[in-house]
Q: 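Could you have a look at this structure, given as structure tokens, before my questions?
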Amino acid sequence: MPDVSNTVIADALEELGDLYELDGAIVHRVLAYRRAAQSVRESARSVGGLAQAGRATELAGIGATLQEKILALVQTGAIPAAERLREQFPPGLLALTRLPGVGAKRARLLQRELGIDSLQALREAALAQRLRTVKGLGPKFETSVLAALDELAAESDGEENELPRRATRLLLPAALELGAALTEGLHTQGPTDADVRIAGSARRGADAVKDLDLVAVTEHPQELTQALGRLDEIERVASTSVAGARGRTHSGVAIDLRIATPAQLGNLLQHFTGSAAHNATLRTRAVRAGLHVSEYGVLDDADGASRMCATEAEVYELLGLPWIAPELREDRGELEAAARGELPRLIELGDIRGDLHCHTVASDGRATIAEMARAARDRGYEYLAITDHSASHGFGNGVSPGELAAQIERIAELDARLEGIELLAGSEVNILPDGSLDYADELLARLDWVVASVHTAFGMSQERMTERMIAAIEHPLVDAIGHPTGRLIQRREPYAVDLAAIFAAAARTGTLLEINGNPDRRDLCETHARAAAAAGARLVIDSDAHRTQTVANMRWGVLTARRAWLTPADVANTLPWPELARRRKRTTPRGATPRS
DNA sequence: GCCGTTTTCGGCCCGACTGTTTTCAGTCG
């Protein structure tokens, strides 16, 4: 039976939802497909495997019908309904719906009335002024369609792709940096009473954001939207009203600024922090209690009064809930947990006592051991493990066995001289394709800390990759597995590996799994990290810093951990080094790995 | 198509903006 990855299943369900939408299905049915696709994409278990066992319905949003369709996809390579609909609605028609201002209904209308089923045909019809002959469409629609087509062509280097690639998102650090610049600009150039905050997925700490949502309260909304247009970063402001403005930066990032009165800051922040799914579930719960939540207030059916909230906590309190951290607001059970009073005490950056993965000039880093040590000490850490790449890293920047022995001496010398931080000798050792490590055990045994990572041969089969990684997990001297899936956000998919088996092996052996804080990685990702902890594995959050500045990347790893619902007890490097050292599996009797 | 402290059937959040309309449909977040 061929492996069908969760990504492939999720894409198929999303496509099927799109096709049903073109077919005129009610919106709830279409949304059901999109929710199911999301659920599959986020699952750490193999959904194909679950479907074969008849258990895909264990996932949220998957019922008997979708279990059957996923099974068909796994067993035959296709979903019959999708095959049928694809003949009716060619890919070019789906491409139309990716244009701003064109949804499923208009795409279908264009196909039915004018026979348009591609971007090319749409452009020709718009130029010939034929779109306006359709009832409900007019000259302005033609203009906006041509503008959208031009923009698309410019973005894809002049090629009019039938299926435009998804616009690239902004990685979180860049999004927050842009958000900080814009809020500061609005505070200096806008009305003096303005209070501007970052909302949306950037506030939730997502890996990457599609656009930047800002919320503001002021008694002078016009002055604020005018100030937005004057900011250096802003290329244009498309539409403005007292409720806000929309624009884009010179770098092409869409900016959504929403404005209300100071008494409504809580409602506004809550609404525009999202996620859409969190809000939808929140509001459905509220309706059952006779309450209607919007960005302007909470309307109570009982007295017809709308209550404004200056803080988010007041919004949640009106619904009988404690405040929920933005990182949790993804509709992954947080509302149910809040209602039961069982929200986790999320880990914070201040809980981290040390960093167990960084590089120096000995391999591909840019700073010396002493410089990295001072940077870690300045951040208030109690310990730092120096973990340069092992011998076979390649590019001539690996550390040979002889060099590692010398490095251990250097680290010991510096540790003896340096006050305020404990330096640990470590290595990020390669997991070779056969699952072995590229230092001898005698050398590894001299190290305080060993991170084992996959850096080569990403393309092997899931079965072999799983065996390879489990071999490393079972190695008695491996303390942690670095960036366990190898993904690079928006650039490289995770390699094929059976994560459930990895988590089980890590839990069984007491091997830690890393949340790598490099903002391009954040690996494990939030849903995988959560599943790992649920499977009984413990985690470690590392910066993987290659220079002194990126020691601060711990921040992104902590955000991922928070989005994974992790508490300090789930994360090993919240412990002081002596206690963590005692808990390394090499110093712990088999099967007695303690969980805090 | 999913789901259940109203329910195994009948619901399934809330509002803004745009362009086309004389009151609304479609799209978007």
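So you know, we letter chains A, B, ... as the sequences are listed, proteins then strands, and number each from 1. These numbers come from the heavy atoms of this one structure, side chains and all, not from hydrogens, waters or symmetry mates.
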Q: Is any NZ, NE, NH1 or NH2 atom of the basic residue among A:R204 and A:E526 found under 4.0 Å from an Asp or Glu carboxylate oxygen of the other?
A: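 So A:R204 does not pair with A:E526 through a salt bridge.
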Q: Expressed as a whole number of Å, how far does the P atom of B:dT20 sit from that of B:dG26?
A: 14 Å
Q: Counting only pairs under 3.5 Å, give me each side-chain donor-acceptor contact of residues 85-97 of chain A, with atom names and distances, residues two or more places apart or in other chains.
A:
| unit_1 | atom_1 | unit_2 | atom_2 | d |
| --- | --- | --- | --- | --- |
| A:R86 | NE | A:E15 | OE2 | 2.7 |
| A:R86 | NH1 | A:E83 | OE2 | 3.3 |
| A:R86 | NH2 | A:E15 | OE1 | 3.1 |
| A:T97 | OG1 | A:L94 | O | 2.6 |

Q: May I ask you to say what A:I26 touches in the nucleic acid, namely base, sugar-phosphate or nothing, with a heavy-atom cut-off under 4.0 Å?
A: base
Q: Indicate, with a heavy-atom threshold strictly under 4.0 Å, whether A:L13 touches base, sugar-phosphate, or nothing.
A: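 No contact at all - A:L13 keeps every heavy atom at 4.0 Å or more from the nucleic acid.
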Q: Judged by modelled atom types alone, do A:E314 and A:N267 share a side-chain donor-acceptor pair under 3.5 Å?
A: no
Q: Using the P atom as the reference point in each nucleotide, state the distance between B:dG11 and B:dT7 in Å, no decimals.
A: 13 Å
Q: Only stems of 3 or more consecutive Watson-Crick or G-U pairs count here, both distances under 3.5 Å; name the ones for DNA chain B, or none.
A: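 Stem list for DNA chain B: B:1-4 with B:9-12, B:14-19 with B:24-29.
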Q: Say you pick atom P in B:dC12 and the same atom in B:dT6; how far apart are they, in whole Å?
A: 14 Å
Q: By the ring-ring contact (aromatic ring centres under 6.0 Å, His included) test, which pairs, at least two apart or in different chains, include something from residues 28-74 of chain A?
A: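 The answer is A:Y20-A:Y33.
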Q: Determine, for A:E330 against A:R530, whether the closest basic-nitrogen to carboxylate-oxygen distance falls under 4.0 angstrom.
A: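 Answer for the salt bridge query: no.
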Q: Can you give the first and last nucleotides of DNA chain B, 5' to 3', that have an atom under 4.0 Å from a heavy atom of chain A?
A: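 It runs B:dG1 to B:dG29.
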Q: Going by distance alone, is a donor N or O of one side chain under 3.5 Å from an acceptor N or O of the other, for A:Q120 and A:E124?
A: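 Yes, side-chain donor-acceptor contact under 3.5 Å.
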Q: Using a heavy-atom cut-off of 4.0 Å across all strands, would you classify A:V30 as base, sugar-phosphate, or nothing?
A: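 Since no nucleic acid heavy atom lies under 4.0 Å of A:V30, the category is nothing.
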Q: Using a 6.0 Å cut-off, check whether atom CD of A:E348 has over 12 heavy atoms from anything other than its own residue.
A: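 More than 12 within 6.0 Å, yes.
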Q: With rounding to whole Å, what would you report as the distance between B:dG19 and B:dT23 at their C1' atoms?
A: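 Those two atoms are separated by 14 Å.
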Q: Is A:E177 atom CD crowded by more than 12 heavy atoms from other residues, nucleotides or ligands, each under 6.0 Å away?
A: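 Not buried by this count: 12 neighbours or fewer within 6.0 Å.
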Q: According to the ring-ring contact (aromatic ring centres under 6.0 Å, His included) rule, which pairs have a member within residues 246-277 of chain A, sequence neighbours left out?
A: none
Q: What contact category does A:R106 fall into here, base, sugar-phosphate, or nothing, at under 4.0 angstrom with non-hydrogen atoms?
A: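 Sugar-phosphate: the residue A:R106, judged by heavy atoms under 4.0 Å, touches backbone atoms but no base.
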Q: Are A:D23 and A:R84 ion-paired here, with the side-chain N under 4.0 Å from a carboxylate O?
A: no
Q: Work out how far the C1' atom of B:dA16 is from that of B:dG10, and round it to whole angstrom.
A: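 29 Å, rounded to whole Å.
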Q: What interatomic distance, in whole Å, is found between C1' of B:dT8 and the corresponding atom of B:dC2?
A: 12 Å
Q: Taking the P atom of each, how far is B:dC3 from B:dC13, in whole Å?
A: 15 Å
Q: Test A:T560 against every option in A:E327, A:R521, A:R522 by the side-chain hydrogen bond (donor to acceptor under 3.5 Å, both in side chains) rule and name the one that passes.
A: A:R522
Q: Find which nucleotide of DNA chain B each of A:A64 and A:E142 is nearest to by heavy atoms, and output the residue with the more 5' nucleotide.
A: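 Final value for this comparison: A:A64.
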Q: When you check the gap from the basic side-chain N to the acidic O, do A:D520 and A:R492 get nearer than 4.0 Å?
A: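 A salt bridge is absent here (no side-chain N lies under 4.0 Å from a carboxylate O).
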Q: Please work out which residues in residues 271-287 of chain A have a non-hydrogen atom less than 4.0 Å from an atom of DNA chain B and list them by number.
A: A:A280, A:R283, A:T284, A:V287
Q: Using a cut-off of 4.0 Å on non-hydrogen atoms, how would the nucleic acid contact of A:A104 be classed: base, sugar-phosphate, or nothing?
A: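 Sugar-phosphate only.
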